[in-house]
Number of protein chains: 2
Amino acid sequence: MPTALEKARQAPDSMKARILTAARKLFGDYGYHGVTTRMIAQEVGIDISTLHYHWGEKQDLYEAVLTDLSDEIRTKLVEIEGLVHGKPLEVRLEVAIDVMCDHLFNNSDSAHLMLFSHFAKNRITTELDAHFTRHLANIAVAMGLAPDKAHVPPQANARVLAVWNSVVNFAAGEDLFRPILNVDRQAYLAVVKETLKFILLPAFTRKAPQA
Amino acid sequence: MPTALEKARQAPDSMKARILTAARKLFGDYGYHGVTTRMIAQEVGIDISTLHYHWGEKQDLYEAVLTDLSDEIRTKLVEIEGLVHGKPLEVRLEVAIDVMCDHLFNNSDSAHLMLFSHFAKNRITTELDAHFTRHLANIAVAMGLAPDKAHVPPQANARVLAVWNSVVNFAAGEDLFRPILNVDRQAYLAVVKETLKFILLPAFTRKAPQA
DNA sequence: ATTTGATTCCATCATTTGATGGACATCATC
DNA sequence: GATGATGTCCATCAAATGATGGAATCAAAT
């Protein structure tokens, strides 16, 4: 039973998929309330009716975008886990930072969407919160911060969140941060990776935890 | 020449100040496009006309909110600098984390507004970006990452940003993160402080920087 | 008491926005 | 070629939204 979303992904040039892509970009740029159905339709070059025909209400389309995003993140985390399986924690962290940075810098929509969906008080999508919680639990286990997915102490989740947010912020904030750093795109990506490793590696890899 | 904003702050019960406070809360909750002038007026218990009479266009009111926020942050940073003057870096960081966390957790509007204003593509307020840049430069100098405010290398700004964003994220994301950690408000604040220190202190206080 | 200025609300407008009904087109199947 | 299903657009609606004009209210000064 392929969902409408899966079908859309199977045919990336289908109208339904094109609408989803445009919606994702615009919602990422301006947030839910900052985007009108007419903006999305115009981005695709179609009439509003066509948009409603494929996706129903604006709210439904937005939720489809977030579901799509959640799937994308899950896929990426699985990919990372495959890359670093069995490696020591320091390597795992380095690779995870590199891969997630590369991905989010090439898909800044994703980073923006994540911020909007997490921090806006809109917050209708309780199902996606469960996915996010699972993602965090998986990372916590992978980092050796929790014995298993079902028993993740608050401290472990908090540490994973700190790492996660750091990466997402630098990706989503490029428009503001890069002019401040006064570097080009490539240098920004390099500085961000270096900074994240500078901040995160010592905390998680030192031999004797303090206090 | 006291600005309208300063006058409003001098009389916190004035209509103008009450409108500003309500606007700040609502813009923080729902973002610029998610708030209508009617919502703000209703929150204050007045007519829309009264709102426009005092603050003009919606856009002007929003910019006043952001200016107010910028002043608040500057004040807080000065306060912190006074508290830790002359202390070693480790103490500076700990105090800064404690004070900023306490402040932002008691003023979550501020944290939300900061996120919205930094990451939304709206981004009209170029003057406030300059203030933010100055704040970062001051912190960089205070942390010994730059020789003076005029010469802050990209790496230094990036590190300050990493610290800054971490604090703001935990404050703004309480609604989503606290249920995930499954703790009450007080415990959340404690875990966040502990986590931030766990992450940040080793990076900036170790004796022999790696790589 | 009158004047003056500041403040607030009511009524209203023009535009925007989400959404829908129905006409037209395309195309596979019979 | 007729038929039905699918997809697209045009015209339009009702509600929401930003904004304003003008009347009413109030307080202080004259």
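Here is how names work: the chains are called A, B, and so on, in the same order as the sequence lines, proteins then strands, and each is numbered from 1. Nothing here was measured: the structure is a model prediction, and the numbers come from that model.
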I'd like to know whether A/K197 forms a salt bridge (charged side-chain N to carboxylate O under 4.0 Å, His left out) with A/D98, so could you lay out the CA-CA distance, the side-chain angles of the two residues, the decisive distance to 0.1 Å, and finally the verdict.
CA-CA 9 Å; A/K197 292 173 186 173; A/D98 281 333; 3.1 Å; yes
When rounded to whole Å, the CD1 to C1' distance for the pair A/I19 and C/dG18 reads 15 Å
Residues of residues 27-40 of chain A with any non-hydrogen atom less than 4.0 angstrom from an atom of DNA chain C: list those, numerically ordered, please.
A/V35, A/T36, A/T37, A/R38
Please, which pairs that meet salt bridge (Lys or Arg N to Asp or Glu O under 4.0 Å) have at least one residue in residues 131-142 of chain A, sequence neighbours excluded?
none
Distances under 3.5 Å only, N/O to N/O: pair up the protein atoms with those of nucleotides 23-27 of chain C.
none

Out of D/dC9, D/dG21, C/dA6, which has the shortest distance to the side chain of B/S49?
D/dG21
Interatomic distance, B/E57 CD vs D/dG18 P [rounded to whole Å]:
11 Å
Nucleotide nearest A/H52 when distance is taken to its side chain, options C/dT8, D/dG7, C/dT20
C/dT20
According to the Watson-Crick and G-U wobble definitions, with both distances under 3.5 Å, which nucleotide is paired to C/dA6?
D/dT25
Figure out the CE/P separation between B/M15 and D/dT25, and round it to whole Å.
18 Å
Can you tell me which nucleotide in C/dG18, C/dC9, D/dC9 comes closest to the side chain of B/D47?
C/dC9
Answer with base, sugar-phosphate or nothing: what part of the nucleic acid does A/I48 contact at a heavy-atom distance below 4.0 Å?
base
